[in-house]
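Comments concern the structure below.
Nothing here was measured: the structure is a model prediction, and the numbers come from that model. The first residue in the sequence is number 1, and the count goes up from there.
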Amino acid sequence: MEHFASILLLLFVAISVVLTFQRMHVPTSLGYLLVGVILGPHTLGPTVTVPELETLAEFGVVFLMFTIGLNFSLPQLQALRHQVLGLGTGQVAFTTLLVGLIVWLSEVPAASAFVFGAVFAQSSTSIIASLLSEQGEDNAKHGRLGLAMSVFQDVTAVPFLVIIPVLGTSVAADVLAGALGWALAKAVLAFVLVFIAGRWLLHPLFHFISRRRSLEMFTLAVLLVALVAAWATNSLGLSLAFGGFLAGMILGETEFRHQVESSIRPFRDVLLGLFFIGIGMRFDPAAVLPIWHLAMLGALLIMAAKTLIVAAMVRRMGVALQDAWRTGILLSVGGEFGLALVAIALDSKVFDLRQGQVAITSVLLAMVLGAVLVRFNGAIASRLVKARPAETGTTPELQEETGRQVVIGGYGRVGHAIAVLLHSSGIPCVAFDTDLARIAQGKQDGIPVSFGDISDPELLSAIHVERSSLVVFTIDCSDTALRAISHLRRMYPQVPVIARARDLKASGQLLEAGAIHAYPETIEASLRLGATALKILDVPTEDIDEVIQGVRNWGYKPVL
């Protein structure tokens with residue numbers, strides 16, 4: 001209870017600042033940074049010090065990496081292995097060498113210059129992922145490529161965790177090489193352990209829990225899996241976030257991916273906000289004044305070096321020039337992992353206090369300024385290549401796919417029939433159901449059916465339902481359909497919704513909730529039977545269609 005007042009103050013300031021930033025269409029991550037500055041020990045006013053919150057905040061990054069892993073499963077990483085592995089390794093190596101050389105030429109010791117290069121090479125996966133999600137660019141070519149490279153940075157940063165501490169001491173080259181090899185071996189071991197556990201334990205576990213039809217137990221299982229994976233990698237001397245990423249990557253191959261993401265999202269967003277607040281509390285405005293020029297030069301060096309290096313490398317891989325520039329701009333953001341490397345360098349005496357403050361301030365400025373560049377990456381890239389703004393969206397093939405995709409709620413007999421009709425017409429669709437037998441049937445039918453409760457607002461947000469051309473509700477439960485349609489009409493009014501209704505009363509309720517069509521199946525079956533009778537009696541097809549449509553237009557009153 002001693003920290004209760006501090007927690008209330010933290011929540012009040014966070015809500016006030018973040019709501020203001022949202023109204024101004026400014027990234028919420030920057031709002032959390034400002035909250036940290038306001039409530040930090042280096043500014044006037046109240047100071048919030050709750051040690052337990054710092055520990056909780058670390059899991060925000062774990063859950064973020066977990067959700068990113070869901071979108072980069074093994075098959076996807078294998079398809080991107082030439083691009084991501086080559087580009088990711090090259091970006092970190094070239095940026096470290098270029099920045100390190102520039103800093104060394106400014107008469108900074110070689111060890112410190114190397115650490116500056118390693119720190120500046122990092123990009124904030126959390127800022128990139130959140131901004132891409134807010135801007136609807138996470139499935140665009142530059143979005144997926146930039147996010148994949150950013151994720152890979154966290155893997156390539158593992159050697160720095162070994163190299164930087166030993167730079168503060170004089171050790172032989174063979175000792176350094178042995179320590180580095182051992183760290184990489186542990187990373188491979190962690191991957192193998194999580195991979196085996198995923199194949200032999202996670203899939204049966206989620207099948208067992210799904211049969212209970214309890215979202216509460218499902219959410220608890222998701223939290224358990226993410227935290228156990230983080231604990232496993234941390235026990236091996238690796239980062240907590242690396243374990244979260246591996247667990248998400250394994251679950252990303254299963255039919256539970258969308259529901260897993262919707263279950264973890266509330267925890268991720270809250271804890272990630274705490275993480276950014278913690279970063280903001282490290283910022284000391286008074287200490288910036290003597291070194292502001294160095295910090296600004298450092299921030300500009302971070303953004304310019306990574307933008308140019310990444311754009312050049314991506315362009316050489318055959319990516320369009322505009323997408324190459326947009327990818328480079330995404331990676332220009334400073335990274336929170338760079339701040340962790342600064343802390344290690346300070347503890348290892350590789351950095352003195354002044355160098356550490358310059359590095360921290362440079363990264364923070366690059367996070368703020370880089371986030372602004374990411375927000376306008378399309379407009380900036382279009383000016384650089386003199387392209388029309390309309391060309392800066394997602395790639396044509398993605399536009400075609402997402403522009404016509406249909407979401408089907410329920411894969412029973414009605415949902416199955418609709419999915420087959422759409423599939424045979426070449427229209428992409430995705431269905432959701434909570435019955436594992438129906439999900440298995442969908443796999444046999446060649447229809448993408450995932451586990452998920454279609455009335456869950458978090459699920460609708462996770463699948464980006466706003467990009468769909470149509471949502472079809474075929475579930476038998478009217479109450480569930482009513483909740484989902486009401487939420488869609490309130491949050492995504494541009495998406496058309498049609499629904500199946502058991503009777504005329506349910507049809508009226510669904511129409512009132514926001515469905516543009518809600519066909520009562522009992523009456524519709526009678527109409528189709530009557531239409532068949534008229535056809536056998538040689539009534540013209542045009543007349544039959546006119547009569548049937550007339551009945552519908554009059555609210556089925558002629559047949560009641």
Side-chain angles (χ1 to χ4, degrees), residues 77 79-106 113-114 116-125 127-129 131-132 137-138 140-157 159-160 297-335 337-338 362-363 365-367 369-389 391-395:
L77 285 180
L80 292 171
R81 63 186 182 278
H82 299 298
Q83 288 183 327
V84 175
L85 294 181
L87 292 174
T89 305
Q91 181 267 318
V92 173
F94 287 134
T95 304
T96 302
L97 292 176
L98 176 62
V99 173
L101 179 61
I102 294 174
V103 176
W104 178 70
L105 291 176
S106 64
F114 173 80
F116 269 107
V119 169
F120 286 10
Q122 306 304 313
S123 301
S124 174
T125 303
I127 289 180
I128 294 173
L131 287 175
L132 287 175
E137 298 178 13
D138 44 351
K141 180 179 292 185
H142 68 279
R144 293 191 64 81
L145 189 56
L147 191 55
M149 291 178 63
S150 177
V151 169
F152 189 73
Q153 283 179 355
D154 296 323
V155 180
T156 58
F160 293 130
L297 287 175
L300 294 176
L301 181 58
I302 292 175
M303 295 185 291
K306 288 194 289 186
T307 299
L308 295 175
I309 289 174
V310 172
M313 294 178 61
V314 172
R315 179 60 177 161
R316 283 185 62 85
M317 293 290 292
V319 177
L321 181 58
Q322 191 166 347
D323 287 327
W325 277 116
R326 298 185 76 173
T327 306
I329 293 171
L330 291 183
L331 273 296
S332 69
V333 181
F337 203 88
S362 298
V363 172
L365 287 174
M367 291 173 73
L369 298 176
V372 176
L373 294 181
V374 173
R375 172 66 73 184
F376 301 103
N377 73 88
I380 295 172
S382 65
R383 287 183 177 274
L384 290 174
V385 300
K386 297 181 179 180
R388 293 173 299 182
E391 297 176 358
T392 63
T394 57
T395 56

query: To the nearest 0.5 Å, how far apart are OG in Ser123 and CE in Met367?
result: 10.5 Å
- request: Using the test ring pair (Phe, Tyr, Trp, His ring centres under 6.0 Å), find all partners of Phe116 that sit at least two apart in sequence or belong to another chain.
  value: Phe120, Phe351
message: Between Val314 and Leu145, does the side chain to side chain contact (heavy atoms under 4.5 Å, CB included) criterion hold? Intermediate values first, please.
response: CA-CA 9 Å; Val314 172; Leu145 189 56; 3.8 Å; yes
field: Test side-chain contact (heavy atoms from CB on, under 4.5 Å) applied to Ala311 - qualifying residues, sequence neighbours left out
entry: Trp325
Donor-acceptor pair, side chain of Ser382 and main chain of Gly378, under 3.5 angstrom: yes
message: Can you confirm whether Val374 sits close enough to Ile127 that some side-chain heavy atom of one is under 4.5 Å from a side-chain heavy atom of the other?
response: no
- line: One should read off an interatomic distance between Leu132 CG and Arg375 CZ, to the nearest 0.5 angstrom, of 10.0 Å
message: Using every non-hydrogen atom in the two residues, find where Gly328 and Val310 come nearest and quote the distance to one decimal.
response: CA-CG1, 3.6 Å
field: For the student: nearest non-hydrogen atoms of Ser332 and Thr307, plus distance
entry: CB-OG1, 3.2 Å
field: Option from Ile329, Leu330, Leu147 for which side chain to side chain contact (heavy atoms under 4.5 Å, CB included) with His142 holds
entry: Leu330
query: What are the two closest heavy atoms between Gly298 and Ser362, and how far apart are they?
result: CA-OG, 3.7 Å
task: Please round to the nearest 0.5 Å and tell me the distance separating atom CE of Met149 and atom NZ of Lys306.
output: 10.5 Å
Considering only distance and modelled atom types, tabulate donor-acceptor pairs under 3.5 Å from the side chains of residues 91-102, sequence neighbours left out.
| residue | atom | partner | partner atom | Å |
| --- | --- | --- | --- | --- |
| Gln91 | OE1 | Gln153 | NE2 | 2.6 |
| Gln91 | NE2 | Thr95 | OG1 | 3.3 |
| Gln91 | NE2 | Ala121 | O | 3.2 |
| Thr95 | OG1 | Gln91 | O | 2.7 |
| Thr96 | OG1 | Val92 | O | 2.7 |

task: With rounding to the nearest 0.5 Å, note down the distance linking CE in Met303 to CG in Leu365.
output: 8.0 Å
field: Nearest-0.5 Å distance that lies between atom CE in Met313 and atom CG in Leu331
entry: 10.0 Å
